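FYI, side chains are in, hydrogens and waters are out, and symmetry mates aren't considered; it's all heavy atoms of this structure. On a predicted model such as this, the values are computed, not experimentally measured, just so you know.
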Amino acid sequence: MRETATEQQRLELKGMWLGFVGVAIFSLTLPFTRLAVAELHPIFVAMGRAVVAALLAAYLMYIQKARLPQRKELASLFITACGVVVGFPLFSTLAMHYVPAAHGAIVLGILPLATALFAAIRFHERPSIGFWLMAVLGSLLVLTFALIQGAGSLQWADLALFFAVILAAMGYAEGGRLAQTMGGLQVISWALILIFPVTLSLSVWSYWTFGAHASLAAWGGFAYVSVFSMFIGFLFWYKGLAIGGIARVGQVQLLQPFLSLLGAACIVGESLSVVHVGFALAVIVTVALGRQMKIHR
């Protein structure tokens with residue numbers, strides 16, 4: 001019994017570290033996106049990253065001889081792809097063309113809570129009153145931050161970020177449920193492959209329309225969001241969830257806003273203020289409390 005408990009603790013610890021690596025990779029997405037869109041068109045960055053990741057996913061599925069998705073899984077894969085492969089990258093990338101990465105990190109801080117909300121709605125769970133209160137409070141905090149940063153009015157980029165949160169939450173919730181039967185790696189891989197004709201077409205169109213002339217720094221940002229944010233990060237994240245437990249390892253995601261703020265300062269030289277740190281902390285606390293609230297099935 002003691003050996004079994006020790007082995008379980010070892011797996012949980014390993015899962016936490018793998019999850020942390022995944023979150024650390026995801027947290028640098030906004031700063032590197034900001035670096036890329038300084039010289040490359042946002043649509044090319046958003047869709048091109050999915051094209052590169054889809055090629056990597058196709059190769060991995062080939063060498064693993066992974067099974068093809070079943071017909072009943074295609075609808076969920078399509079919803080996942082629309083959320084995390086097309087929707088979130090597109091709207092978050094467009095936003096990074098207009099606002100700092102630190103700004104985006106605060107707004108996207110409510111993503112874990114939004115994901116839980118979508119899961120409750122999509123799969124007919126009944127959130128407690130406390131959960132709803134935390135969801136409203138978190139949304140109000142983000143809205144207040146956006147209004148302060150926008151001198152009393154919402155910027156267009158804030159609306160784009162809100163759409164990014166909604167679409168990502170939809171994709172995470174749908175993909176998370178599908179991963180219980182398919183496995184997380186296959187979910188993100190087949191979602192990338194399924195939507196590949198769309199992302200490739202938009203990438204080619206944006207290349208011919210706007211061009212793709214940029215410095216090595218901008219291409220470096222594009223390479224990061226393509227290889228790491230869109231693919232490798234998911235390998236660590238889903239593996240960590242699988243061996244360490246979704247509830248336990250999922251808490252590591254609360255560190256993401258702070259890591260994004262740090263990345264914004266180090267990668268693109270953005271200055272951080274007490275307002276940024278204060279709102280990031282408030283949002284993290286709200287999300288942490290909301291995720292502890294009981295959801296009834």
Which atom pair, heavy atoms only, marks the closest approach of [X] to [Y]?
{"X": "A264", "Y": "A101", "result": "CB-CB, 3.9 Å"}
{"X": "W190", "Y": "A66", "result": "CZ2-O, 4.4 Å"}
{"X": "L167", "Y": "G87", "result": "CD1-CA, 3.6 Å"}
{"X": "A157", "Y": "Y98", "result": "CB-CB, 4.1 Å"}
{"X": "M182", "Y": "R67", "result": "CG-NH2, 3.5 Å"}
{"X": "I43", "Y": "S206", "result": "CG2-CB, 4.0 Å"}

Are more than 12 heavy atoms, taken from residues, nucleotides or ligands other than [X], located less than 6.0 Å from that residue's [atom1] atom?
{"X": "L216", "atom1": "CG", "answer": "no"}
{"X": "F163", "atom1": "CZ", "answer": "no"}
{"X": "F210", "atom1": "CZ", "answer": "yes"}
{"X": "R71", "atom1": "CZ", "answer": "no"}
{"X": "W17", "atom1": "CH2", "answer": "no"}

Check: Are any of the side-chain heavy atoms of M61 and L68 separated by less than 4.5 Å?
Finding: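 Heavy-atom side-chain distance check fails, nothing below 4.5 Å.
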
Note to self: Does any part of the side chain of Y224, heavy atoms only, come nearer than 4.5 Å to the side chain of S229, both counted from C-beta?
What the structure shows: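 They are in side-chain contact.
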
Check: Can you name the one residue among R34, R49, M230, M96 that meets side-chain contact (heavy atoms from CB on, under 4.5 Å) with T29?
Finding: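 The passing option is R49.
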
Next item on the list: Determine, step by step, whether I63 and L60 satisfy the side chain to side chain contact (heavy atoms under 4.5 Å, CB included) criterion, reporting the C-alpha distance in whole Å, the side-chain angles of both residues, the deciding distance to 0.1 Å, and the verdict.
Entry: CA-CA 5 Å; I63 63 175; L60 188 59; 3.9 Å; yes

Please check if [X] and [Y] belong to a single hydrophobic cluster, counting links between Ile, Leu, Val, Met, Phe, Trp and Tyr side chain heavy atoms closer than 4.5 Å.
{"X": "L262", "Y": "L35", "value": "no"}
{"X": "V85", "Y": "Y59", "value": "yes"}
{"X": "V274", "Y": "L281", "value": "no"}

Check: Would you say the ring centroid of F234 lies under 6.0 angstrom from that of F26?
Finding: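 Centroid separation for F234 and F26: below 6.0 Å.
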
Check: Would a line drawn from the ring center of F44 to the ring center of F222 be shorter than 6.0 Å?
Finding: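 Yes.
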
